[in-house]
Each structure stands twice: as C-alpha cells, then as structure tokens.
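Notes follow the structure.
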Amino acid sequence: KKKILFICTENLERSPTAEELVNNTQGFRNYIARSAGTSTTAINQITRELVDWADLIFVFDEEHDKHKSIILKRFPNLKKQIIDLQIADDYFKNDPELIDIIKKKLKKYLKIN
C-alpha cells in the first residue's frame, strides 16, 4: 500500500478527517494514511519518523498556515513530494463538506474508485 501523510496545524480537524477517510473508505484500499500537525501543541506532532514513513505528503493550507514551509524548514533535505490541498481551517472534524472537498482534491493525485 502507498503511505500517505496528511499535515495540518493542530491535527484536530482536517488531517485526522483525511486520515480516517483514506483508512476507512473502500475506494482508498490501495493506500494507508497517518496524520500529524506542525504546531508544538498538535495532538500528534510531525516527526522525522513520520516523514520518512510517508511515500506522499499532503498539507492543507500553505498560503495561510505555512505547512509546507514549516516541514521544509524542519527537514531541509527532504526529497519527497509535498502537495498543498489548499483547504482552509474552516471545518470541524468529519464535516461532510470537508470530506467531499478532500475526496475531490485527492482524486487529482491518487487512483481511487
């Protein structure tokens, strides 16, 4: 299975929603996901181990939250693709609208049914 890491700020709303979507939806059976946050107060903070584990990294909002910039600053020699989903921190965990947006965005990058 291809390993995906989702990164948001606090690991409370967006990235856990994406992780659960991938891990619990039949259409994503070729993938396994984990999630983390960039903040020092995140529930699950991003680590070198998580970054090394991932085949592909998705961040949620580089423009406002600087997720990609923070990752590249912490791990300067990172050679993995980091994709910005451009989803602002406007949703609660498992919000149906958030789930729909994540699915639509991921279809551009993943082979899903």
Side-chain angles (χ1 to χ4, degrees):
K1 290 187 174 188
K2 193 163 198 170
K3 297 174 268 184
I4 301 169
L5 179 60
F6 292 102
I7 303 293
C8 67
T9 305
E10 293 288 339
N11 193 223
L12 285 173
E13 315 289 357
R14 295 170 289 175
S15 60
T17 299
E19 176 183 11
E20 289 179 18
L21 172 68
V22 169
N23 290 337
N24 299 323
T25 304
Q26 186 66 24
F28 291 95
R29 67 180 166 267
N30 295 321
Y31 303 93
I32 186 166
R34 291 184 180 174
S35 65
T38 56
S39 172
T40 56
T41 58
I43 298 216
N44 185 32
Q45 289 182 38
I46 189 168
T47 62
R48 168 57 77 181
E49 179 181 67
L50 277 173
V51 169
D52 288 346
W53 171 85
D55 296 313
L56 191 56
I57 300 170
F58 288 98
V59 297
F60 276 85
D61 193 4
E62 175 62 16
E63 183 180 355
H64 297 102
D65 299 325
K66 305 297 180 212
H67 299 136
K68 184 175 181 177
S69 299
I70 291 168
I71 293 168
L72 292 173
K73 186 175 181 181
R74 286 194 196 157
F75 311 106
N77 298 320
L78 189 64
K79 302 280 190 262
K80 297 187 182 199
Q81 183 178 16
I82 301 173
I83 299 166
D84 181 10
L85 294 173
Q86 299 175 329
I87 301 173
D89 195 6
D90 296 336
Y91 304 93
F92 292 107
K93 185 176 179 189
N94 295 325
D95 180 317
E97 186 179 352
L98 175 59
I99 291 168
D100 285 344
I101 293 167
I102 292 170
K103 279 183 189 176
K104 286 177 187 160
K105 300 262 185 172
L106 290 179
K107 282 183 182 181
K108 297 177 190 174
Y109 305 102
L110 306 176
K111 292 178 183 146
I112 56 177
N113 303 331

(Q) Using a 6.0 Å cut-off, check whether atom NZ of Lys1 has over 12 heavy atoms from anything other than its own residue. (A) yes
In terms of hydrophobic clusters joined by side-chain contacts under 4.5 Å, are [X] and [Y] together?
X: Ile57; Y: Ile70; answer: no
X: Leu78; Y: Ile7; answer: yes
X: Ile83; Y: Leu72; answer: no
X: Val59; Y: Leu12; answer: no

Do [X] and [Y] have side-chain heavy atoms sitting under 4.5 Å apart?
X: Phe28; Y: Ile4; answer: no
X: Asn23; Y: Ile32; answer: yes
X: Ile87; Y: Phe58; answer: no
X: Leu56; Y: Leu110; answer: yes
X: Asn11; Y: Ile46; answer: no

Find the distance between [atom1] ([X]) and [atom2] ([Y]) and round it off to the nearest 0.5 Å.
X: Ile112; Y: Leu21; atom1: CD1; atom2: CG; answer: 8.0 Å
X: Arg14; Y: His67; atom1: CZ; atom2: NE2; answer: 5.0 Å
X: Asp52; Y: Lys80; atom1: CG; atom2: NZ; answer: 5.5 Å

Which atoms form the tightest heavy-atom contact between Ser15 and Ala36, and what is the distance?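 For Ser15 versus Ala36, the nearest heavy atoms are OG-O, 3.5 Å.
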Are the side chain of [X] and the backbone of [Y] linked by a donor-acceptor contact shorter than 3.5 Å?
X: Arg74; Y: Thr38; value: yes
X: Glu10; Y: Ser39; value: no
X: Asn44; Y: Ser35; value: yes
X: Thr47; Y: Leu50; value: yes
X: Gln86; Y: Asp61; value: no
X: Lys68; Y: Asp84; value: no

Problem set entry | Audit row: Lys108, Leu85, side chain to side chain contact (heavy atoms under 4.5 Å, CB included) steps and yes/no | CA-CA 10 Å; Lys108 297 177 190 174; Leu85 294 173; over 6 Å; no
Would you call the rings of Phe60 and Phe6 parallel, tilted or perpendicular, where under 30° means parallel and over 60° means perpendicular?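 Judged by the thresholds at 30° and 60°, the geometry between Phe60 and Phe6 is tilted.
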Donor-acceptor list for residues 88-103 side chains, cut-off 3.5 Å, not counting sequence neighbours:
residue: Lys93; atom: NZ; partner: Glu20; partner atom: OE2; Å: 2.8
residue: Asn94; atom: ND2; partner: Glu20; partner atom: OE1; Å: 3.4
residue: Asp95; atom: OD1; partner: Glu97; partner atom: N; Å: 2.7

